[in-house]
Amino acid sequence: MADTTGNTSAAGVSGGAAPAPRKSSWRYIGPGIVVAATGVGAGDLVATLIAGSNFGYTLLWAAIIGCLVKISLAEACGRWHLATGRTLFDGWASIGPWTTWFFAIYAVIWGFVYGAAAMSSSALPLQALFPDVMGLEWWGIACGLVGLVFVWFNKYNVFEKVMTVLVGVMFVVTVYLAIRVTPNLGDAFAGLLPVLPDEKDSVLNTLGLIGGVGGTITLAAYGYWVNAKGWTNTGWMKVMRLDNRVAYATTGIFVVAMLFVGAELLHSAGIAIASGDKGLIQLGDILEQEYGTATGKLFLVGFFATSFTSLIGVWHGVSLMFADFLARRRGEREARGDELASGRRERSWAFRAYLLWLTFPPIVLLFQDEPFRLIIIYGVLGAAFMPFLALTLMWLLNSSRTPREWRNGSLSNGMLAVAGLLFLVLCVKQIWDQPWSEFFS
């Protein structure tokens, strides 16, 4: 494979001379763009908008810390893949069988509910742009099928190029909106000071914003995309770290831009929007009233790009993880990164089976009320995944499973510990807030 796309040689830890390090060059950037695009969904944007609407610029510092926390998690995933030549699931399996059961249950239930949510989120802006074409459910089905066909027939390199184009659309739209609302830079700089809002539950609300900035299972998929790019050994470590920083710098720009919009457009006027994706449709209407039809339509295009990148990103990345999971269960004693670099995982029946699972069963949910008990289980599993990721990465990267040179230092351990504690608190809160009395009634 050419240098511009990667290197499919075995990991440097497998014996022989260590691979020559690659210089960290912008021309290699790719997986970071993919993880940024996938991780920042419509839900992240509306949560940041609401934070700006409720608190102005007060929590700007929290959004930035959220990006730094995710940098540490994604870097740890990429470092494991490159330092060991093994996949993250292979590392999890080495910890104990409980990790396998957790992932299996999570992948099945999460995929079913997320599939419907992703299709619905992508459909909302399309229905708003083309209201007389067809109903929301049919737009959702169309988005799911387009995502299925695209991921089914294209390998990683094409997938990355399309994601990069969509990220460009997201970038242009969010930055344009941030400039259009004319942010108060003095207040924005004051928002960099770590101050909590003066209201009930301000600590938990702040932690929720920190934890919600682009944090999903796609962080774990980052190492898989690193390998799929062709980066399979420690010679790519510097490149991976630059790529990862670009990813969360991009995420930071998206989040800060939307917080500016919330602070200036909504907070100053005392306008409240709904939580969830429908809040972005409301924002589109407000932008149209304030700045004209063109700005409102442009925002809806950016909304679609944000939602659809999350859809195809999960369709590709989590399907790779599921294919790796099944390969390990079938008896592959050591799942190697070069297997991902070869593209064989993307052509496997397991990859395509999970693609089908993400697309067709969730269509049922588009036509009926969400199954109450399943949504609760989905919420609990989703909340548990991020502390699971942070704490297992600490375990793997401080053990003999990782070559000594690439084990965690004090900074990495500190960041992963903070991430683990943060997500553990949010997990407990999520579980506590579930209507369990109704669940068992």
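This structure is a prediction, so every number in the text was calculated from the model and none was measured.
The closest side-chain heavy-atom distance from Trp80 to Arg401 is below 4.5 Å. Contact of the Val318 side chain with the Trp110 side chain is registered, since non-hydrogen atoms from C-beta on lie closer than 4.5 Å. Considering only heavy atoms from C-beta on, Val69 comes within 4.5 Å of Ile65 through its side chain. Between Ser310 and Tyr114 there is a side-chain heavy-atom pair separated by less than 4.5 Å. The shortest distance between side-chain heavy atoms of Met240 and His81 does not fall below 4.5 Å. You'll find the side chain of Phe423 stays beyond 4.5 Å of the side chain of Phe388, heavy atoms only.
Taking the six-membered ring for Trp and the full ring otherwise, the centers of Tyr28 and Trp236 sit less than 6.0 Å from each other. Taking the ring centroids of Tyr106 and Phe103, they lie at or beyond the 6.0 Å cut-off. You'll find the ring centres of Phe260 and Tyr57 inside the 6.0 Å limit.
Summarising the geometry of Gly230 relative to Ala341, their closest heavy-atom pair is CA-CB, 4.0 Å, with the distance given to 0.1 Å. For Leu126 against Cys143, the heavy-atom pair with the smallest separation is CD1-SG, 3.5 Å. Of all heavy-atom pairs between Gly302 and Met170, the closest is O-CG, 4.3 Å.
Annotation: the span from Phe254 atom CZ to Cys67 atom SG amounts to 10.5 Å, rounded to 0.5 Å. One distance of note links CG of Leu59 with CD1 of Ile64; it measures 11.5 Å at 0.5 Å rounding. To the nearest 0.5 angstrom, Thr309 atom OG1 is 9.0 Å from Phe304 atom CZ. Atom CG of residue Leu416 and atom CG of residue Leu397 lie 7.0 Å apart, to the nearest 0.5 angstrom. Taken from CD1 in Ile50 to CG in Asn54, the straight-line distance is 7.0 Å, to the nearest 0.5 Å. The OG atom of Ser122 lies 8.5 Å from the CZ atom of Phe303; values are rounded to the nearest 0.5 Å.
A side chain to side chain contact (heavy atoms under 4.5 Å, CB included) with Arg79 is found for one member of Val226, Thr402, Asn408, Thr84 and no other, namely Asn408.
For residues 167-195, no residue pair satisfies the ring-ring contact (aromatic ring centres under 6.0 Å, His included) rule, not counting sequence neighbours. Applying the salt bridge (charged side-chain N to carboxylate O under 4.0 Å, His left out) test to residues at least two apart or on different chains, the pairs with a partner in residues 157-171 are Glu160-Lys229.
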Please step through side-chain hydrogen bond (donor to acceptor under 3.5 Å, both in side chains) for the pair Asp324 and Thr87, ending with a clear verdict. CA-CA 8 Å; Asp324 187 47; Thr87 64; 2.6 Å; yes
Mind running side-chain contact (heavy atoms from CB on, under 4.5 Å) on Ile281 and Leu300 for me, showing each step along the way? CA-CA 8 Å; Ile281 296 295; Leu300 291 174; 4.0 Å; yes
When you look at Ser319 and Trp357, which way does the side-chain hydrogen bond (donor to acceptor under 3.5 Å, both in side chains) test go after all the steps? CA-CA 10 Å; Ser319 295; Trp357 174 253; over 6 Å; no
Could you walk me through whether Arg344 and Glu339 pass the salt bridge (Lys or Arg N to Asp or Glu O under 4.0 Å) test, one step at a time? CA-CA 6 Å; Arg344 286 190 290 270; Glu339 184 76 10; 2.8 Å; yes
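Under the rule for a salt bridge (Lys or Arg N to Asp or Glu O under 4.0 Å), the partners of Arg241 that lie at least two apart in sequence or sit in another chain are Glu75.
Other residues, nucleotides and ligands contribute at most 12 non-hydrogen atoms within 6.0 Å of the CZ atom of Arg245.
Not a single donor-acceptor pair under 3.5 Å links the side chain of Thr234 to the backbone N or O of Met237. The backbone N or O of Ala117 lies less than 3.5 Å from no partner atom in the side chain of Ser120, so there is not a single donor-acceptor pair. Put simply, the side chain of Ser348 gets close to the backbone of Arg345: a donor and an acceptor are under 3.5 Å apart.
Ring planes of Tyr156 and His316: tilted class, angle from 30 to 60°.
Taking a cutoff of 4.0 Å between a charged side-chain nitrogen and a carboxylate oxygen, Lys429 and Asp433 qualify as a salt bridge.
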